[in-house]
Each structure stands twice: as C-alpha cells, then as structure tokens.
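Notes to accompany the following structure.
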There are 2 protein chains.
Amino acid sequence: MNLKQLSELLGLSQTTVSRALNGYPEVNEATRERVLQAVKETGYRPNKAAQRLATGKAGSIGLVMPTAPGHQSDVHFGEFLAGLGEEAVRHDFHFVIMPADPDDEVAALRRLAISGNVDAVFVAYMRGHDPRLAMLKSLSMPYVVHGRSFGSEPDYPYLDIDNEGAFYDATRLLLQLGHTRFALMNGPMHLDFAIRRRNGVISALAERGLTLEEGCMSHALMTDEQGLLAMEHFLQLPERPTAILCSSTVLALGAIRAVNQAGLRLGEDISLIAHDDVLPLLKPENFSVPLTTTRSSLRAAGVRIAQRLIGTVKHAGPFPDQELWKTELIVRASTGPAPRP
Amino acid sequence: MNLKQLSELLGLSQTTVSRALNGYPEVNEATRERVLQAVKETGYRPNKAAQRLATGKAGSIGLVMPTAPGHQSDVHFGEFLAGLGEEAVRHDFHFVIMPADPDDEVAALRRLAISGNVDAVFVAYMRGHDPRLAMLKSLSMPYVVHGRSFGSEPDYPYLDIDNEGAFYDATRLLLQLGHTRFALMNGPMHLDFAIRRRNGVISALAERGLTLEEGCMSHALMTDEQGLLAMEHFLQLPERPTAILCSSTVLALGAIRAVNQAGLRLGEDISLIAHDDVLPLLKPENFSVPLTTTRSSLRAAGVRIAQRLIGTVKHAGPFPDQELWKTELIVRASTGPAPRP
DNA sequence: GCGGTCATCCAAAGCGCTTTCAATTATGTA
DNA sequence: TACATAATTGAAAGCGCTTTGGATGACCGC
C-alpha cells in the first residue's frame with residue numbers, strides 16, 4: 001500500500017492525503033478523519049526512504065561505534081546507548097550505528113554524516129585536540145559532543161561532567177584524611193577526561209605542596225585487568241601509596257583484587273575513590289568493601305544528549321550549547337584515615 | 001554533488017556513471033577508470049535515500065533494543081552488538097536500532113521491518129512460544145533469531161547454543177563429584193534459554209533419581225543483586241544445597257558475595273558452575289576463586305549472525321538455516337568434591 | 001452582480017538514484 | 001561488401017513521497 005493507492009481508494013489526490021497525514025491546516029477536518037480512518041484500516045505506512053528523499057530528513061541520529069576484532073566492547077558504551085535509546089523511543093527516532101575501526105573514526109564519522117542517513121550525529125570518547133571537531137563544524141549538521149576536547153576552543157556544543165572538579169574534590173577528601181602518598185589509575189592518556197582528571201588531582205595536591213610522581217600514575221584501557229596490573233605495580237613501589245584515585249569502577253574491580261591478593265585491607269591500609277558511571281552491573285555499594293565514589297550517571301547523559309539532538313532537529317526550542325554537570329562525591333567504606341606509619 | 005552533476009562533468013549519461021560505479025560489466029574499462037577518478041576528485045557520494053528508494057535495499061540490518069526508563073541496560077546486549085558490528089563494518093553495513101519498550105517488542109519489530117530502513121532483522125531474547133516468530137515469517141524479509149523458541153516448530157533460521165546440553169554436562173560433573181543437593185539460579189522463566197537450561201539440569205538429575213525442588217530454583221533478571229538474593233535464599237534452606245548452577249557470570253557475582261558473607265568457601269563448602277558468555281568485564285578466571293564455567297562467546301555469535309544476515313541480503317551463497325553451537329565445560333577452582341556431611 | 005477572500009483540493013514538478021529498452025558504433029563473418 | 005553480433009552508451013521511466021503554484025467554488029460586502 002502506498003500513497004497513490006491510498007489516495008485512489010479515497011478518491012482524493014496524493015497531495016491532500018499527504019497533507020492530512022502530516023497535520024497541515026488546509027485540509028478539511030472531515031477529510032482528515034476519513035484519511036486517518038483509512039490508514040487504520042489499510043495499515044498504510046509511508047515509505048521512509050521516499051519521505052527522506054523528498055524532505056531530506058531521516059528521523060534518526062547517528063553515531064560511530066568503535067569496534068574491531070580485538071577491540072573490547074565497552075560497558076560504558078552500552079550504558080550510554082541505553083540512555084540515548086530511552087529518549088529516542090519517545091520521539092520515534094532511531095539510531096544508525098556505524099561500526100568503525102577505532103583508527104578510522106574521523107572518516108567513518110564523515111561517511112555517516114554525509115550518507116544522508118542521519119539528521120544529527122553524536123560523538124564520544126573525545127580526545128585532546130580532537131580532529132573530529134573541525135570536521136563536525138564543517139558539516140552543517142547538528143551534533144553534540146559527549147565530553148570536551150582539551151586544547152580546542154570550547155565553541156562546540158557539548159555535554160560534559162566536571163572531571164577536574166570531581167577528582168579535585170576526591171583528592172581533597174583524601175588529603176583531609178591525612179593521606180600523603182597518592183596514585184592515580186586513569187584512562188588512556190589521550191582521552192580528554194583522563195587529562196582533566198589528572199589535572200584535578202595534581203592541582204589539589206599542589207595546594208599542599210605535594211606532587212604526583214610519574215610512577216604513581218597509570219594510563220590504560222579501563223578494564224579490570226589493567227586495574228589489577230596497575231595496582232600491583234603501585235603496591236611494589238618503595239613508598240607505597242595509601243590513597244588511590246581511580247577513573248572507573250571497572251578499574252577498581254581489578255585494583256581491589258590486587259589489594260586483596262597482597263593481603264591488604266581496603267579502607268584501612270589503602271583508601272580508594274573511584275569514578276562511578278552508575279553502571280548497573282557494578283554498583284559501588286555492592287563491592288565487598290563499599291566504594292567511595294564520584295558519581296555521575298552515564299545513562300542520564302545519554303538521555304540528555306538525545307534530547308538536545310532530537311530537539312534541535314525538530315526545531316523545538318533552543319538548547320544550551322554547553323553543559324557541565326557536577327558530580328557527587330559519595331563517601332563509603334573504601335576510604336579511611338591514612339594508616340599510621 | 002549528485003549523479004547528474006557528476007555525469008555532466010564527465011560528459012556521460014547518468015546511466016553510464018551509475019553502472020560504472022556499481023560494477024556493471026557493460027561499461028568500458030577506460031570509462032570506468034575515468035568515473036572512479038572523478039569520484040575521488042569530487043568526493044561524490046551517492047545519496048543513500050535515493051539509492052534505497054530506487055533499489056529497495058538499505059544496506060543495513062535492524063534490531064530492536066529493549067529499553068525503558070527503569071530498564072537495566074544489559075551487558076550481554078552490548079557484547080552481542082559488538083560482534084554484529086565487527087562483521088558489519090567489513091561489509092559497509094550499518095545497524096538501525098529501534099529502541100522499544102520491552103512490552104512493545106512485537107509492534108516495534110514490525111514497525112522496524114516495514115519502515116523500509118532495513119534489509120534484514122535480527123531478534124534476540126527469545127521466549128517460549130514467541131509471538132514474534134509468526135510475525136517474522138509473514139514478513140518476507142530475511143531474519144535470523146538468536147536462540148530458539150521452546151514450543152514452536154523449529155522451522156525458522158536461528159543460531160543457538162546447546163543450553164540443555166551445557167547444563168546437563170555441568171550437572172553431571174557435579175554429580176560425579178558427589179553432590180546431591182542442587183540449586184539452579186536461572187534467567188527469567190519465560191526466556192527460552194532458561195527453559196532449556198532447567199531441562200538440562202533436571203534430566204541429568206533424573207538419571208540419578210534426583211529432583212530439583214521448587215525452592216531450589218530461582219528465575220530472575222540476570223543481575224548481581226538477584227544473584228545475591230537468590231543465593232541468600234538458598235543458603236537459608238534447611239537442606240542447604242552444595243552445588244549451584246548459575247545462568248550467568250553476572251548472577252555468579254552476586255551469588256559469590258552471598259557465599260562470602262555467609263562465611264562459606266567457594267569450591268569447598270559450595271561448588272558453583274556458571275554459564276560464561278565471555279564478557280570482557282567478567283572473566284571467570286579473574287574471580288577470587290576462579291569459576292568453573294560452560295562457555296560460549298556471545299560476541300562470536302554476533303559475528304556469525306551478522307555474516308548470515310548480510311550474506312543473505314547480498315545473495316552470497318546459501319547459509320545453514322539452523323545452527324546449534326556446543327559449549328565448552330571448563331573446570332576451575334569453584335567446583336570441588338561434595339563436602340562430607 | 002462583481003471583484004475579493006477563504007477554504008479546499010489537485011496536477012505536476014521534483015528529490016537522486018537504478019534499470020529497461022533502444023540506439024549507436026565497432027568487430028567479425030560469409 | 002553486406003549483414004549478423006558484440007560492445008558501449010543514452011533517454012526516459014520509475015521508486016513513493018512532499019510541496020509549489022494554481023484551480024474551484026462558496027461566501028462577503030458594496
């Protein structure tokens with residue numbers, strides 16, 4: 001069933017039927033009713049491809065999913081997607097996901113954008129001086145970035161959390177508890193959030209005249225294995241750190257395993273604060289020693305970004321171009337006073 | 001830049017350019033070279049919407065993502081998606097993800113299929129007597145199902161793992177170790193895999209004249225919390241089970257927490273075998289007591305399903321309609337001889 | 001009774017591509 | 001040399017929808 005058939009069935013022109021369907025005012029209410037009724041009976045659905053060709057609108061937002069044979073799928077990604085989805089479903093939008101090799105993201109993003117398959121794109125895993133920004137700006141397609149790009153002019157639409165503030169506050173808490181030997185277990189160094197978190201830690205330490213040694217910093221993929229390795233390394237240092245800042249509860253998972261294996265007690269010998277993206281799988285309160293965390297829901301960020309993207313496409317009101325969310329610092333049992341030497 | 005402009009630029013007809021681009025044989029090689037060169041220089045990309053309208057092919061596969069405000073995002077889903085993506089990227093396919101309320105999946109699937117946005121669909125989280133099967137069959141669109149539907153005629157294309165066999169074998173192993181009191185921690189009862197796994201356990205037990213009490217079975221969402229709750233319940237039974245079969249490493253996470261909290265030792269007081277979907281986040285060998293598991297990679301299943309789907313759309317050779325993968329039973333430290341009474 | 005305003009509706013022109021049917025030229029064959 | 005055959009290329013007809021630019025009456029005020 002297509003428009004032509006439907007209009008013939010009704011004895012109307014395609015024009016009128018199309019207008020009735022799309023809520024144009026210049027069609028008689030009685031006629032509109034008749035059309036709507038016929039749609040119900042026949043189960044007519046407009047062909048999206050044709051609609052898109054005619055209007056240029058696709059009703060979908062696009063994103064690039066980094067993936068490769070060896071590439072670990074990222075829980076964070078799934079959680080974010082769930083947030084996007086939650087909002088998209090309310091507006092009858094869908095996503096187009098373009099899987100791409102992580103090395104090929106710029107090109108993949110461009111392909112996606114000019115494919116005509118999407119009305120807007122969303123970009124995550126921002127890096128310092130991210131090359132995608134220039135590309136996005138040249139594209140004249142709505143976009144929102146999750147995170148920011150350190151070193152780039154902040155003149156693009158983004159939603160980010162205050163990573164620096166979060167880790168600054170967390171570090172201050174540990175300082176107040178008397179800790180003096182710190183270590184930071186971070187995400188890959190080229191990623192924006194990792195840069196800012198490190199800066200947060202460093203500036204809080206600097207206020208007390210402390211510094212973060214190179215050996216007390218790890219930058220790695222946020223997997224539990226890397227957490228284990230990093231922590232094992234920290235624990236073997238001559239001046240073993242007593243305060244650990246950790247960029248993810250996933251890293252914390254491995255880190256705590258290392259702590260246990262070393263026969264140390266979390267919250268007593270070692271204090272640890274992790275950033276919590278509110279992954280359903282990894283609740284900080286469910287760790288054997290509940291984790292002190294800086295919290296910000298990744299899923300909520302997904303919802304918000306979808307809102308902004310879809311809103312922009314639909315020309316529904318203006319949206320703030322830049323949003324910076326504060327995180328919460330939630331104290332649980334994994335932090336305690338620095339052990340007496 | 002569109003086809004018309006490109007063809008004018010080249011002094012050729014749209015027909016010839018189109019054919020050159022799509023690899024038709026009836027175009028002179030020299031001409032084809034010239035066209036390809038021009039494409040490079042101009043950066044021309046065919047408009048997908050137009051292509052789709054003309055051919056009816058979309059170059060994408062669709063799937064429904066269950067999601068809702070309260071709905072927990074599922075790690076299993078993300079992992080599967082990664083597998084699909086890995087294969088899709090090789091063929092320049094993308095996905096269209098339609099987020100939908102879990103109660104609305106049949107309708108969402110239908111909408112997706114007839115939207116014209118996808119060439120094939122994929123369906124997961126199969127249930128007993130799944131109503132989506134009838135719908136899919138009526139659709140005349142290629143599809144592959146992950147899992148099967150207990151109680152339905154197996155005349156649809158699927159990829160499944162031998163859930164019954166896996167849990168049968170696991171149960172037998174525990175029987176051989178001398179266990180006699182069993183419990184099963186399963187996924188939601190309406191899901192096909194849960195039904196089959198339960199049957200596997202029951203039939204292995206039956207061979208020894210044993211049965212699985214109603215109280216020794218839990219059917220719940222596969223989250224660590226549910227694992228904790230279920231295990232706490234099991235541990236309070238008068239005849240406490242010593243052998244636990246567990247449908248997911250995620251459930252096991254919570255279950256083991258309960259075991260530890262009760263002061264029991266895994267692998268000694270309690271033996272546990274979990275099914276391992278090979279989630280990067282949850283490696284059985286990284287548990288404090290490494291887990292004995294039945295293993296089958298969810299990601300590999302994703303890759304394979306994408307292969308079949310894309311292959312079918314591209315008319316690339318015939319594919320087996322039904323595949324049943326065996327699982328591996330890998331013994332680690334979480335299983336041991338039944339404790340002496 | 002006439003120009004003017006509304007309220008409705010329609011014919012037809014795209015949107016950018018693929019594909020059928022035909023035309024044109026080059027190549028071989030008798 | 002004349003004719004069948006193969007190799008290339010094009011014109012034009014869709015694919016199913018939206019939208020522009022009129023029609024066609026009905027209704028009004030003068």
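Labels below follow one simple rule: chain letters A, B, ... track the order of the sequence lines, proteins then strands, and each chain is numbered from 1. Source: prediction; values computed, not measured.
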- Query: Would a 4.5 Å heavy-atom cut-off, applied to side chains only, mark L298(A) and H146(A) as touching?
  - Reply: yes
- Note on the structure: Expected string for nucleotides 12-24 of chain D under the B/S/- scheme (protein heavy atoms, under 4.0 Å, primed atoms plus P, OP1, OP2 as sugar-phosphate) is B--BBBBBBB---
- May I ask you to check whether over 12 heavy atoms, not counting those of K137(B), lie within 6.0 Å of atom NZ? yes
- Task: Find the distance L10(A):CG to dC10(C):P and express it as a whole number of Å.
- Result: 10 Å
- Lys NZ or Arg CZ of R148(B) over Y158(B) ring: under 6.0 Å, within 45°: yes
- Item | Min side-chain heavy-atom separation E29(B)-R34(B) under 4.5 Å | no
- Message: Is there a side-chain contact between M65(A) and F95(B) in this structure, where contact means two heavy atoms from C-beta onward sitting under 4.5 Å apart?
- Response: yes
